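For reference, the structure discussed in these notes is given below.
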Amino acid sequence: MEIDRAIKESSDRRLQTKYNNAVYVIQRAFALYEFEQVAFSFNGGKDSTVLLHLLRAGYYLHKEKINYSNGNQPDCMLKCPIRTIYFECPCAFPEINSFTYETAAAYDLQLEIMRSDFKSGLESLLKEKPIKAIFLGTRIGDPNAVGQEQFSPSSTGWPPFMRVNPILDWSYRDVWAFILTCKVKYCSLYDQGYTSIGSIYDTVPNALLSTADSSSTKENFKPAYMLSDGRLERAGRAKKISSKCESTHVLSNGMDNTGAHRSSFLTASIIAVGDEILFGTAEDQIGATLCQKLYATGWQVAHIAVVQNDVDSVAEEVEQRKSRDDIVFLFGGLGPLHSDVSVAGVAKAFGVCLLALLPEGITELLHHETLPVPLIETAQVISKLRMDFPDIYIGCHRKSRAGPLIISFVGKNKIRVELAAEKLSRRFHAGAFCEFSCD
Ligand SMILES: Cc1cc2nc3c(=O)[nH]c(=O)nc-3n(C[C@H](O)[C@H](O)[C@H](O)COP(=O)(O)O)c2cc1C
Ligand SMILES: Nc1ncnc2c1ncn2[C@@H]1O[C@H](COP(=O)(O)OP(=O)(O)OP(=O)(O)O)[C@@H](O)[C@H]1O
Ligand SMILES: [Mg+2]
């Protein structure tokens, strides 16, 4: 099979691993479901083009396992008559439409054309056909990939089916390495500088591939596979500028979809997490420095915020900024202390779980060179103290990266505050605290 052979003959070890894993997922899906129970969601884009050829390879290898012979068919045309769903939209690029139709015909894909929105289209299709699993070319980094795994049931409110995402962990570079290594056809728009394709209203060539110089009148673009930083794959896609104003998008050519000019800067936002900044006991020094550095490198800082050490406050701020800005910086609240909730807040904003907390018994690894006690040990003691003193606010911060940990106790009853502080100091050896002050 030509795809399998091209990958095996290539010297790209990373691509071989990605290919093997994806084909494994596909073969497991073919083993789990009957052939008529699976469908392929194909839209002519680069990711679904990669998936098409992986499906062909997976289908061939699956069939081979159950002693199937494909006769004398030339293998570059190996068909995969899988049920294929295409949501055709009047706002699709004509090049995308024709590529989808031509490819479907070339590989004998059993095309089901849908002209409604995804959800209602799938609802009616699933009533008619015995579909249980749908292959998608979703990749980590796509806006809708958050929280998904290689096998992910459809979301609540959607008809029930399994989403199978064989290339979920593929990078932009992996996608192009596959396409170029296997020499498969792809939609012509990618040769004109488009790096991710949506509708004609929200997609332009990626400005990072522009070859324009001031003398030429027409702007030319390098092909998509020349984009060196895959993180900027969606730079040619419109950005929703406000959740309240769904219909207004900003394109990277500086125009919004109403034709008005807007800033063509990439935008950043900065979130500082720290009660101490809000109490006025510490100053945020990082934010201002970051603004200067970003501005100097051509970014526009659209927003800077300080939030409490509180999971929901962090989640709310991240949630709002992530859909508006190209990058969100967050600092503070990242250690092992009870008040360090930033990572949990970010996970909540993305609707995912935290993959790793720290296992017990690695306290020595967390020893901070200027702290006489491992930070994690302090964290445990303070957590316990918070249970004993629910009436006292216990905050922790450091003035600088190398500075000592400042633990503050705030409460209405001075005796209780002193008692809490004393209880803390008794838990550590003499000299662990270099200073003790009471306002
Ligand atoms: C076959 C198929 C299944 C989908 N299943 C889900 C789903 O279970 N949950 C969901 O929120 N969106 C689902 N979507 C919608 C996608 O998450 C996403 O909105 C879509 O690919 C469009 O991306 P766009 O909004 O950038 O055009 C599905 C889309 C397709 C084509
Ligand atoms: N109109 C559609 N019809 C069928 N499937 C679709 C449609 N739009 C998206 N999908 C599915 O969602 C996946 C992810 O879409 P996405 O736009 O990120 O990728 P792509 O179109 O393959 O490539 P690109 O990122 O270059 O646009 C597709 O690979 C496809 O499986
Ligand atoms: Mg697309």
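Counting convention: from 1, in listed order, for ligands and their atoms alike. Everything quoted here is computed from the prediction, not taken from an experiment.
Taking only nitrogen or oxygen atoms, main chain and side chain alike, Arg234 does not reach within less than 3.5 Å of ligand 1. Looking at ligand 2, you'll find an N or O of Ile197 within less than 3.5 Å of one of its N or O atoms. Inclusion of Lys46 in the set of residues having an N or O under 3.5 Å from an N or O of ligand 2 is warranted. For ligand 2, the polar-atom distance check against Gly137 finds a nitrogen or oxygen pair separated by under 3.5 Å.
Heavy atoms of Thr138 found under 4.0 angstrom from ligand 1: none, in either backbone or side chain. Looking at Asp47 against ligand 2, both its backbone and its side chain come within 4.0 Å, counting heavy atoms. Only side-chain heavy atoms of Leu122 come within less than 4.0 Å of ligand 1; its backbone N, CA, C and O stay farther off. Counting heavy atoms under 4.0 Å from ligand 1, residue Lys119 does not touch it at all. Residue contacts with ligand 1, taken as heavy atom pairs separated by less than 4.0 Å, do not involve Phe135 at all. With a 4.0 Å heavy-atom cut-off, ligand 1 is reached by the side chain of Ser41 but not by its N, CA, C or O. Looking at Phe118 against ligand 2, only its side chain comes within 4.0 Å, counting heavy atoms.
Nearest residue to atom 30 (C) of ligand 1 from Asn43, Leu136, Asp142 is Leu136 (criterion: closest heavy atom). For atom 23 (O) of ligand 1, the choice among Phe118, Tyr86, Phe161 with the nearest heavy atom turns out to be Phe118. Residue nearest to atom 17 (O) of ligand 2, selected from Thr49, Asn43, Ile134: Asn43 (by heavy-atom distance).
Judged by distance alone, the side chains of Tyr86 and Asn97 do bring a donor and an acceptor atom under 3.5 Å apart. There is no side-chain donor-acceptor pair under 3.5 Å between Asn220 and Thr211.
Close contacts of ligand 2 with Gly45, meaning ligand atoms under 4.0 Å from a residue heavy atom, involve 20 (P), 21 (O), 22 (O), 23 (O). Within ligand 1, the atoms closer than 4.0 Å to a non-hydrogen atom of Ser154 are 8 (O), numbered from 1 in the order shown. If you number the atoms of ligand 2 from 1 as listed, the ones under 4.0 Å from a heavy atom of Ile85 come out as 4 (C). Less than 4.0 angstrom separates some heavy atom of Ser48 from each of these atoms of ligand 2: 22 (O), 29 (O). Applying the 4.0 Å criterion to heavy atoms of Tyr190 picks out, from ligand 2, the atoms 23 (O), 24 (P), 26 (O), 27 (O).
Ionic pairing of Glu317 and Lys322 is not present here: no N-O contact between side-chain nitrogen and carboxylate oxygen is shorter than 4.0 angstrom. Under 4.0 Å is where a charged nitrogen must lie from a carboxylate oxygen, and between Arg14 and Asp12 no such pair does.
Phe40 has its side chain out of reach of Ile134: every pair of non-hydrogen atoms, C-beta onward, lies at least 4.5 Å apart.
Ring to ring, Tyr59 and Tyr107 are not that close: their centroids are 6.0 angstrom or more apart. Between Trp158 and Phe118, the distance separating the two ring centers is not shorter than 6.0 angstrom.
In this view, Arg13 and Gln16 satisfy the side chain to side chain contact (heavy atoms under 4.5 Å, CB included) rule, not counting sequence neighbours.
Residue Glu283 places its CD atom among 12 or fewer non-hydrogen atoms of other residues, nucleotides or ligands, all under 6.0 Å distant. Within 6.0 Å of atom CD in Gln110, more than 12 heavy atoms from other residues, nucleotides or ligands are found, so the atom counts as buried in its surroundings.
Among pairs with a residue in residues 289-327, none fulfils ring-ring contact (aromatic ring centres under 6.0 Å, His included), at least two apart in sequence or across chains.
The residue from Asn309, Leu405, Ile394, Ile407 that alone fulfils the side-chain contact (heavy atoms from CB on, under 4.5 Å) condition with Leu337 is Leu405.
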